[in-house]
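Here is the structure we will look at, set down as structure tokens.
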Amino acid sequence: MAAMGAVRVLCGAEKERVVGTHKAPGACPRCGGAVVAVDVETERRILGLPLCVKSKRKFSCTKCLRRLVTLYG
């Protein structure tokens, strides 16, 4: 197990950080609950040095906690 942690550090582990959360327009197609948008920043590091940073927006329902996917972005 310790070797797996060392491989992760050397090969590039990803760390996610929530940047912001806000209410999104629309309703959940399954239960009709409110939709929330979460802005997430993902950072990949190799040998402790930052390689790339990606920003994503993830949508989910506040009532049933289902992850929602946008069809047209």
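Small disclaimer: the values here were computed from a predicted structure and weren't measured. The figures here come from the full heavy-atom set of this structure, side chains too, leaving out hydrogens, waters and symmetry mates.
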Side chain to side chain contact (heavy atoms under 4.5 Å, CB included) involving Glu41 - partner list, sequence neighbours excluded
Arg17, Val19, Val53, Ser55
Hydrophobic cluster mates of Val18, side-chain heavy atoms under 4.5 angstrom, ILVMFWY only, any path?
Val38, Val40
List, by chain and number, the other hydrophobic cluster members for Leu65, where Ile, Leu, Val, Met, Phe, Trp and Tyr join if side-chain heavy atoms come within less than 4.5 Å, directly or indirectly.
none
For Lys58, all residues meeting salt bridge (charged side-chain N to carboxylate O under 4.0 Å, His left out), sequence neighbours excluded
Glu16
Which atom pair, heavy atoms only, marks the closest approach of Arg57 to Asp39?
NE-OD1, 2.7 Å
CZ of Arg45 to CG of Leu51: how many Å apart, nearest 0.5 Å?
10.5 Å
Expected list for residues 28-35: side-chain donor-acceptor pairs under 3.5 angstrom, two or more places apart:
none

